[in-house]
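What follows is one structure encoded as structure tokens, with my remarks underneath.
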Amino acid sequence: MASLYVRLSRRNIVEQLPRIRCCHVSASPTHNYNSSPLNQSNKKLSNLIRSGRISEARTLFDSMKRRDTVTWNSMISGYVQRREIARARQLFDEMPRRDVVSWNLIVSGYFSCCGSRFVEEGRRLFELMPQRDCVSWNTVISGYAKNGRMDQALKLFNAMPEHNAVSYNAVITGFLLNGDVESAVGFFRTMPEHDSTSLCALISGLVRNGELDLAAGILRECGNGDDGKDDLVHAYNTLIAGYGQRGHVEEARRLFDVIPDDDDDGNEGKRRFRRNVVSWNSMMMCYVKAGDIVFARELFDRMVERDNCSWNTLISCYVQISNMEEASKLFREMPSPDVLSWNSIISGLAQKGDLNLAKDFFERMPHKNLISWNTIIAGYEKNEDYKGAIKLFSEMQLEGERPDKHTLSSVISVSTGLVDLYLGKQLHQLVTKTVLPDSPINNSLITMYSRCGAIVDACTVFNEIKLYKDVITWNAMIGGYASHGSAAEALELFKLMKRLKIHPTYITFISVLNACAHAGLVEEGWRQFKSMINDYGIEPRVEHFASLVDILGRQGQLQEAMDLINTMPFKPDKAVWGALLGACRVHNNVELALVAADALIRLEPESSAPYVLLYNMYANLGQWDDAESVRVLMEEKNVKKQAGYSWVD
DNA sequence: GTAGGGTTAG
């Protein structure tokens, strides 16, 4: 079978040889094809594409004097992988001769792009194909399945001349992507023979749908022991990882222990069903997710066969617990760190706030990928170095790396931090043109618009979300209304959210209490605060007390606010004292203002805000001597007046 | 160089 395949592909190559012979006078063309410049270039091209270096690949492609169908297909495949369908299509249209692979590639490209327009074009091209093979049918079936069009997927499944396991897997995965567990299992049961890859597809989909018990049952039923299934261990690995994701370490371990280990007896190599490196890595990942670094490390040290994934998993574990010493040590020890290892280290350094070192690592990377860029940009954003983040964002585009939704989400947060509505709007346009917005993108857009004062735009984004809005989306919009002073809208939205059975979080209540503060609703504020504790079982945090202080203070109930500060179960932070000081300023209560300002200065000795506020209070009351003494005190303490605070109110 | 399925980074 294998040799027949080789013979056939040789023949295809030979058929294309006359073009090569035109310029290369060689005695035996068949012999020389492997070492021919064309074949060498094709290999180089596919290597570049495989490692994600698309612009270098394109340069090579453009410089090639001779190209065959494989050359064109490789380049198209590169663009399809990166969802650059317009570029892929251009090459497809330009290429002199197309084979069935070229057609399959372009059809798969359209189906993997988001949006019904692309799906329709993919289908149109499928209908136009001069000939179709099994791959063509499977491409379209899985394309429809991934786009939620199970009606079409099933129609084509029934229309195709002959099914293979891939056809079934595509349908099973499609059902499970839509959460249709019953149909997926039912379809699986109609299969004439249970290929282990189908079992794997079913189990991984069930895991995604949280159906772990069902998955375990099916695995017991279909995959008991060594019954000749070549890749049975894949299915076990999937379930181990699934248990790990949901924190069921014991169940995962029990499954792991069921898989025979080479060490158990002398059967290495003979047994098909045995632990492989992925089993070890998945089990290790379970411990990592559970925060059990000791067990993870123990497993790592016991592993005979090590790969980069094992190293990377353990590195990411140390990164998660912020132990950068151990993470860097592993990074230095590992034989050949790959882009994932670098990304983990950069992410860890950025999380610790060590941006310079993170940037240093980033610049020393042999090859960056999209995630490297996203990691470093997110790091700059989280550490509030917005200018740096923007600079990296433009560098990234100059280097031909296309931003995806993770990049965009980060830079939208940057525009929020800069309160730059112009930038935010530009990014919003880029989102509309390039990605299907998901929850994080929409949330960052809502936050950006409301922080920039464009509450109407925030509301538009919120209302245009077709699919499910998660609790963060609701929080963002309620928070937007609250900080904008639109208390009625905030409270109305909160009511709607509860009616839709979206469970509020402590953040929701911070916004709700803020809305009450803006609207002067003291009673309502207390009612919501009690409801948070009694109806939703949410522990109050210091932020909630800060809001209550704000509510009381704004209404002039300054003594009540002070009493609350003295009796609350937290050490008051700067938000609490800030709320009190602001209220004292409005209600001209110098006595309590001094208490609040004093506390604030202790908490943040370098901040000029409390000084300036006190100064303005005295000035307003005409107590110029006191005002002056505040200014002198500030000078003595060497506090610099920050931008944004004015001596004149 | 194309379709489905297992572990690691944003």
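Sequence lines set the chain letters: A, B, ... in the order given, protein chains first and strands last, and positions in each chain run from 1. What you see is a predicted model, and the numbers here were worked out from it, not measured in a lab.
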Rounding to an integer number of Å, can you tell me how far [X] [atom1] sits from [N] [atom2]?
| X | N | atom1 | atom2 | answer |
| --- | --- | --- | --- | --- |
| I259(A) | dG6(B) | CD1 | C1' | 11 Å |
| Q131(A) | dA3(B) | CD | P | 18 Å |
| L219(A) | dG6(B) | CG | C1' | 12 Å |
| L125(A) | dT2(B) | CG | P | 18 Å |
| N276(A) | dT8(B) | CG | C1' | 15 Å |
| I172(A) | dG4(B) | CD1 | P | 14 Å |
| I321(A) | dA9(B) | CD1 | P | 15 Å |
| R208(A) | dG5(B) | CZ | C1' | 10 Å |

Show me the side-chain donor-acceptor pairs of residues 154-162 of chain A shorter than 3.5 Å, one per line, residues at least two apart or across chains.
{"unit_1": "N158(A)", "atom_1": "ND2", "unit_2": "L154(A)", "atom_2": "O", "d": "3.1"}

Residue [X], side-chain heavy atoms: nucleotide from [options] that is nearest:
| X | options | value |
| --- | --- | --- |
| S77(A) | dT8(B), dG10(B), dT2(B) | dT2(B) |
| N138(A) | dA3(B), dG10(B), dG5(B) | dA3(B) |
| A241(A) | dG10(B), dA9(B), dT7(B) | dT7(B) |
| T139(A) | dG10(B), dA3(B), dG5(B) | dA3(B) |
| K289(A) | dT7(B), dG4(B), dT8(B) | dT8(B) |
| I371(A) | dT7(B), dG6(B), dA9(B) | dA9(B) |
| V233(A) | dG6(B), dG10(B), dT7(B) | dG6(B) |
| V278(A) | dT2(B), dG6(B), dG10(B) | dG6(B) |
| T173(A) | dG4(B), dT8(B), dG10(B) | dG4(B) |
| L370(A) | dG4(B), dT2(B), dG10(B) | dG10(B) |

When you measure only distances, ignoring hydrogens and angles, does the side chain of [X] come within 3.5 Å of the base of [N] through a donor and an acceptor?
| X | N | answer |
| --- | --- | --- |
| T197(A) | dG4(B) | yes |
| D404(A) | dG10(B) | yes |
| N164(A) | dG4(B) | no |

Test of understanding: with ring pair (Phe, Tyr, Trp, His ring centres under 6.0 Å), list the residues that count as partners of [X], not counting sequence neighbours.
| X | value |
| --- | --- |
| F362(A) | W373(A) |
| Y243(A) | none |
| Y287(A) | F295(A) |
| Y144(A) | F111(A) |

(request) Determine the contact category for R98(A): base if any of its heavy atoms lies under 4.0 Å from a base atom, sugar-phosphate if only primed atoms, P, OP1 or OP2 are that close, otherwise nothing. (result) nothing

(message) If you compare every side-chain N and O of K146(A) against the phosphate oxygens of dG4(B) (OP1, OP2), does one of them come in below 4.0 Å?
(response) yes

(request) Kindly indicate whether the side chain of W342(A), heavy atoms from C-beta on, has any atom under 4.5 Å from the side chain of S372(A). (result)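 Answer no - side chains too far apart.
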
(message) Within residues 327-346 of chain A, which residues have any heavy atom lying less than 4.0 Å from an atom of DNA chain B?
(response) L340(A), N343(A), S344(A)

(message) Whether K368(A) and E399(A) form a salt bridge (side-chain N of Lys/Arg under 4.0 Å from carboxylate O of Asp/Glu) is what I want to check.
(response) no

(request) Would you please indicate if the ring centroids of F126(A) and W103(A) are separated by under 6.0 Å? (result)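 That pair fails the under 6.0 Å test.
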
